[in-house]
Amino acid sequence: MYQTWNSRKQLFTSHYHKIPPAIRNSLQWTQNCTTPISQPFQPKGPSILATNLIKSYFEIGLIREAHTLFDEMPERDVVAWTAMIAGYTSCNYYTRAWSLFCEMMRECPDHPNDFTLSSSLKACKGMKSLSCGTLVHGLAIKDGMDGRLYVDNALLDMYAMCSVSMDEACMVFHNITVKNAVSWTTLITGYTHRGDGYGGLQVFKQMLSEEAEQNPFSFSIAVRACASVGSYTYGKQIHAAVTKHGFESNIPVMNSILDMYCRCGCFCEAKQYFYSMPGRDLITWNTLIAGYEKFNPDESLYLFSKMESQGFSPNCFTFTSIIAACAQLAVLSCGQQVHGGIVQRGLVGNLALSNSLIDMYAKCGNIIDSHKIFCEMSSRDLVSWTSMMIGYGTHGYGKEAVELFDEMVRSSIRPDQIVFMAVLSACSHAGLLDEGLRYFKSMVGDYSVAPNQEIYGCVVDLLGRAGKVKEAYELILSMPSKPDESVWGAFLGACKAHGLPNFGKMAARSLLDLRPNMSGTYVMLSNIYAADGRWGDFAKMRKLMRGLGNKKEAGRSWVEVRNQVSSFFVGDEVGLHMEWVYGVLEMVNQHMQEAGYVPDLDCLIHDLEDGT
DNA sequence: TAGCGGACGC
């Protein structure tokens with residue numbers, strides 16, 4: 001007995017000195033120890049101390065130390081095992097947490113209790129493993145642990161996140177006799193995170209009508225639900241309710257409101273709200289930067305520099321948005337600088353960040369660096385493969401995209417609609433007709449992925465570019481739903497490329513039925529008529545366009561010369577640094593001529609007349 | 001002594 005105490009004392013003393021003083025002072029167990037550690041040691045339940053220490057190690061990210069301490073513990077009770085499972089889960093090491101749970105089931109003499117089950121359910125949720133979660137559910141029923149609120153809430157969360165529908169989650173929710181705020185917010189989150197914001201709002205409404213206790217979490221997720229459906233009206237109402245309940249100074253709630261204004265496209269209101277906020281954290285900045293990324297990427301970059309000047313250090317979320325902003329603007333040198341910042345901060349292994357870097361380099365015209373990032377990734381998800389395939393496709397590397405798709409399937413990643421769209425588009429641009437059609441067939445036959453409008457658009461484009469306009473038309477006729485503008489747009493493009501005015505007229509009519517004021521459609525059709533020498537029809541189109549009153553917006557291009565981005569349009573004489581722009585264009589022209597390119601000037605008649 | 005809910009990307 002003495003020996004055991006002595007070894008425990010040594011163990012704690014050795015670990016105690018590894019903890020930074022600031023953390024050491026905050027440890028709960030030091031409050032019980034009135035004597036300093038150098039004084040004769042008074043053991044007061046060392047297992048409790050070790051468990052507390054494990055928890056503290058996880059809190060400060062010392063995962064290895066936590067595990068070493070756990071390994072060194074002579075006796076490990078259910079609380080110590082649970083602290084380990086919860087610790088790994090809190091650091092996003094879900095698989096590790098699950099293995100520990102399985103190990104505990106084999107080795108620990110104690111039964112898992114409600115603490116253990118709720119922690120391991122969180123790990124199942126993290127792994128997105130319905131089968132593991134269902135296993136824990138079975139265990140909970142067997143041990144009479146279902147009915148404990150924490151277990152039920154964790155079960156509800158697991159089913160909401162892992163199951164294909166919300167049915168199981170709703171069943172668990174309805175069986176909770178005394179629901180708390182967590183039960184409600186978990187259900188609302190479940191609906192919202194799977195894209196059913198209206199479902200989430202419906203539950204929130206019910207929560208209000210049943211006069212359930214409201215807290216900042218419930219408001220935060222309700223505002224998120226409004227944001228996901230883009231409902232400014234509901235968002236405004238909930239914003240008013242937030243103020244009424246006195247949560248207007250809660251930073252996470254304010255962040256959700258800010259996000260809602262951005263997602264509803266109300267950027268003036270978002271900015272005004274941002275500057276009126278009594279307190280901001282990193283998430284506040286990240287929310288606004290992410291909000292502006294698509295709408296106004298320049299503003300995103302400006303906010304990024306302002307954020308840094310105010311002492312906030314960017315994290316992987318910030319960089320993901322900033323890299324996307326650089327990709328949108330196609331500013332390579334800026335993207336490279338931000339990439340340097342990522343390396344400097346040791347964020348290189350972050351998956352989402354690497355994915356956005358692949359996309360950025362490809363969009364900035366540097367497919368080699370894009371590929372380099374892809375190759376250096378230690379793990380890849382579907383987005384990584386998709387981004388690389390899109391990059392290859394837009395650069396005309398159809399064969400590489402096809403090879404990548406096959407490699408992805410070999411590495412057991414199941415393709416989705418988006419990745420099929422990427423590979424089909426790559427085939428289309430590289431003229432790989434047979435491969436493209438094979439993927440289209442395999443998508444439905446082998447993977448049961450239903451083609452959406454955009455995929456039909458890709459296949460119509462694939463057939464059209466290969467000159468199979470009749471087959472493209474037959475495909476449109478065979479579609480189970482009414483073709484949308486992406487399908488007819490692709491077909492009209494094919495008609496223009498192959499000079500087929502009658503088909504073109506039909507495609508343009510269908511497009512104009514869907515979007516009557518699209519001047520681009522008139523331009524396209526008039527060009528088809530012009531190429532066919534049908535000047536009467538050409539003139540009719542021009543007249544119709546004038547009647548519309550809206551001109552097709554002039555297409556703008558931009559080049560980056562000496563770290564300066566210059567935007568210009570056809571015949572532009574007044575833009576900034578035009579001498580640089582024309583210098584670069586002359587160079588491009590020479591390259592094209594050397595490569596044997598002969599421009600098709602016929603189709604430009606109307607565009608030039610229109611200044612587009 | 002240990003546990004459940006709020007921000008990003010193609």
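What you are looking at is a predicted structure, and each value in this text was computed from that prediction instead of being measured. Letters A, B, ... are given to chains in the order of the sequence lines, protein chains preceding strands, and every chain is numbered from 1.
When distances are taken from the side chain of A:S387 to each of B:dC10, B:dA2, B:dG6, the shortest belongs to B:dC10. Closest to the side chain of A:V79, from the set B:dA2, B:dA7, B:dC4, is B:dA2. The listed nucleotides are B:dG3, B:dC10, B:dG6; the one nearest the side chain of A:K55 is B:dG3. Counting only heavy atoms from C-beta on, A:T51 has its side chain closest to B:dT1 among B:dA7, B:dC10, B:dT1. Set against B:dA2, B:dA7, B:dG6, the side chain of A:N52 has B:dA2 as its closest nucleotide. Taking every side-chain heavy atom of A:V383 into account, B:dG9 is the closest of B:dA7, B:dG9, B:dG5.
For the pair A:R76 and A:F70, the cation sits on the ring face: its NZ or CZ lies under 6.0 Å from the ring centre, inside 45° of the axis.
The ring pair (Phe, Tyr, Trp, His ring centres under 6.0 Å) check on A:Y232 picks up nothing, with sequence neighbours excluded. Not a single ring pair (Phe, Tyr, Trp, His ring centres under 6.0 Å) links A:H371 to another residue, sequence neighbours left out. In this structure A:Y439 satisfies the ring pair (Phe, Tyr, Trp, His ring centres under 6.0 Å) test together with A:F405, sequence neighbours excluded. Not counting sequence neighbours, the partners of A:F267 by the side chain to side chain contact (heavy atoms under 4.5 Å, CB included) test are A:C262, A:Y292, A:F295. Every residue two or more places apart in sequence or in another chain that forms a side chain to side chain contact (heavy atoms under 4.5 Å, CB included) with A:S425 is listed here: A:H429, A:C458. Residues that satisfy the ring pair (Phe, Tyr, Trp, His ring centres under 6.0 Å) test with A:Y397, not counting sequence neighbours, are absent from this structure. Residues that satisfy the side chain to side chain contact (heavy atoms under 4.5 Å, CB included) test with A:F317, not counting sequence neighbours, are A:N286, A:N315.
For A:E107, the CD atom is densely surrounded, since the number of other residues' heavy atoms within 6.0 Å is greater than 12.
Distance, A:M84 CE to B:dT1 P: 20 Å, rounded to whole Å. A:I289 has its CD1 atom 13 Å from the P atom of B:dG9, to the nearest Å. For the pair A:M388 CE and B:dG9 P, the computed distance is 21 Å after rounding to whole Å. One can place CD1 of A:I418 at 9 Å from P of B:dC10, the figure rounded to the nearest angstrom. Remark: C1' of B:dG3 and CZ of A:F115 are 6 Å apart, rounded to the nearest angstrom. For A:F173 and B:dG5, the CZ to P distance is 16 Å, given to the nearest whole Å. Atoms CG (A:L303) and P (B:dA7) sit 21 Å apart, rounded to a whole Å. Atom C1' of nucleotide B:dA7 and atom CD of A:E293 are separated by 15 Å, given to the nearest angstrom.
With A:N215 contributing its side chain and A:S218 its backbone, the two residues share a donor-acceptor pair below 3.5 Å.
Between A:M389 and A:V419 the shortest side-chain heavy-atom distance falls below 4.5 Å.
Taking every heavy atom of residues 116-127 of chain A and every atom of DNA chain B, pairs under 4.0 Å involve A:S118, A:S119, A:K122, A:K125, by number. A heavy atom closer than 4.0 Å to some atom of DNA chain B occurs in A:Y150, A:N153, these being the qualifying members of residues 138-154 of chain A. Contacts of residues 175-187 of chain A with DNA chain B (heavy atom under 4.0 Å): A:A181, A:V182, A:T185, A:T186. Residues of residues 347-355 of chain A that place a heavy atom closer than 4.0 Å to DNA chain B, in numerical order, are A:A352, A:N355.
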Validation: residues 147-157 of chain A side-chain donor-acceptor distances under 3.5 Å, sequence neighbours left out:
| from | atom 1 | to | atom 2 | distance (Å) |
| --- | --- | --- | --- | --- |
| A:R148 | NH1 | A:D114 | OD2 | 3.1 |
| A:D152 | OD1 | A:G147 | N | 3.3 |
| A:D152 | OD2 | A:G147 | N | 3.2 |
| A:N153 | OD1 | A:S183 | OG | 2.9 |
| A:N153 | ND2 | A:N180 | OD1 | 3.2 |
| A:D157 | OD2 | A:K125 | NZ | 2.9 |

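Residue side chain A:N215 reaches the base of B:dG5 through a donor-acceptor N/O pair under 3.5 Å, judged by distance alone.
As judged by a 4.0 angstrom heavy-atom cut-off over every strand, A:N250 is placed among the base-contacting residues. In this structure, A:V253 reaches the bases: a heavy-atom distance under 4.0 Å links it to at least one base atom across the strands shown.
Aromatic rings from A:W98 and A:Y88 are positioned such that their centres are separated by 6.0 Å or more.
With respect to the salt-bridge test (charged N to carboxylate O, under 4.0 angstrom), the residues A:K271 and A:E299 qualify. Using a 4.0 Å cut-off between charged nitrogen and carboxylate oxygen, A:R345 and A:E308 count as a salt-bridge pair.
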